[in-house]
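Note sheet for the following structure.
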Amino acid sequence: MKTIELIVPCYNESDVLEIFYREVSSVMQKIENYSYSFIFVNDGSSDNTADIIKRLSEKDEKVKFISFSRNFGKEAAMLSGLSYSSADLVGILDADLQHSPSLIPEMIKAIEEGFDVAAAKRTDRVGEAGLKSSLSQKFYKVADKLSEVEIDDGAQDFRIMKRKVVNAIVSLSEHNRFTKGIFSWVGFKTKWFPHENRERAAGETKWSMKKLFRYAIDGILAFSNSPLRFPFYAGFLFSASGVILFLISLALKLICDLPMGLAYMGAIFFVGGVILISLGIIGEYLARIYAEAKDRPHYIIDETNIKK
Ligand code: UDP
Ligand code: MG
């Protein structure tokens, strides 16, 4: 009998957890040759998510859980689940049932057929607010262009992976974790499943505009060095135009005896702007180097029933 574990990041999901547990359990019970279990990661919820998970774990030994001491974010929740997992196959899915559990049997079949990863790819963005959805589409386009790995707009966290893939992901110790980039970076043979995003079964989205914005910046900087190259090109351009401006102004001075003040001012503005932009970008990277150097743990566990 092979084993499969499903990691479920949960942040204030008390409205939906029991529906999730029932629906996914009924799908999993029908899968032959695999014994399943859940790893619910309570990401510092302020509602009674933790109590519900604990109650489930008391009446069902298939329910394992990890409970954080505060909200560390979905990336940290997924990482803790992956590093505490031990099964042959490991899946990740959202607690809100937007990821259709009915896809799991097909995903497992794909892995039996020789794929290392079976992952869902979004075909639409149903059930998401308009502005957020169009902003995130733009973000993925920019991130994909700038970064060294392929970052697909539709790729979801909803996936099932072989143990070797999980081990590879856990072995990356970086702190600004952008899991979508990491999934793509580790490689492996992946089968993509078209997947229509369902409406949230209950509760509401946990991503505020602010969280999404930070996520976008992290995503771009974590997998790309091109922002670092920008000030070089901009600086080159601006300095060159500064020199040209100066020469024009000098010529005007020599030919028509016009004062040169404007040329100096333009040049100073340009150079000042370039320096500021460069400093800003270097600062962003420095902040990240600082975070890596501190080497803090990604999360703090308050309580768990998993023995590592
Ligand atoms: N989530 C989490 N920590 C957070 C935010 C979200 O563990 O800080 C979980 C949340 O409980 C859900 C999943 O991540 O299971 C996806 O979140 P949500 O459904 O709010 O995002 P959306 O589907 O709107 O993108
Ligand atoms: Mg959701």
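Along the sequence shown, residues are numbered consecutively beginning with 1. Source: prediction; values computed, not measured. One-based numbering, in listed order, for ligands and for the atoms of each.
- When non-hydrogen atoms are compared, ligand 1 lies under 4.0 Å from the backbone of A95 as well as from its side chain.
- The E13 neighbourhood of ligand 1 comprises atoms 10 (C), 11 (O), 12 (C), 15 (O), with distances under 4.0 Å to a heavy atom of that residue.
- For ligand 1 and C10, the ligand atoms under 4.0 Å from any heavy atom of the residue are 7 (O), 11 (O).
- For ligand 1, the atoms sitting less than 4.0 Å from at least one non-hydrogen atom of N71 are 3 (N), 4 (C), 8 (O), numbered in the order shown with element in parentheses.
- Nearest residue to atom 3 (N) of ligand 1 from V41, N12, V16, D43 is D43 (criterion: closest heavy atom).
- Taking only nitrogen or oxygen atoms, main chain and side chain alike, A77 does not reach within less than 3.5 Å of ligand 1.
- When non-hydrogen atoms are compared, ligand 1 lies under 4.0 Å from the backbone of K74 as well as from its side chain.
- One finds the OG atom of S57 at 12.5 Å from the CD1 atom of I52 (value rounded to the nearest 0.5 Å).
- D47 places a side-chain N or O within 3.5 Å of a backbone atom of S14 that can act as its donor or acceptor partner.
- Side chain of H99 to backbone of D94: a donor-acceptor contact under 3.5 angstrom is found.
- In terms of modelled atom types and a separation under 3.5 Å, the side chain of E23 and the main chain of L97 share no donor-acceptor contact.
- Going from atom CZ of F193 over to atom CZ of F158 covers 9.5 Å, rounded to the nearest 0.5 Å.
- Taking only non-hydrogen atoms, the option from H99, M78, Q156, Q98 nearest to atom 23 (O) of ligand 1 is Q98.
- The nearest N/O/S atom of D96 to the Mg ion (ligand 2) is OD2.
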| request: Just do the salt bridge (Lys or Arg N to Asp or Glu O under 4.0 Å) check on D116 and K164 with the steps written out, would you? | output: CA-CA 8 Å; D116 299 315; K164 61 179 178 186; 3.2 Å; yes

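- Heavy atoms of D94 found under 4.0 angstrom from ligand 1 belong to the backbone as well as the side chain.
- With values rounded to the nearest 0.5 angstrom, R159 atom CZ is found 12.5 Å from L103 atom CG.
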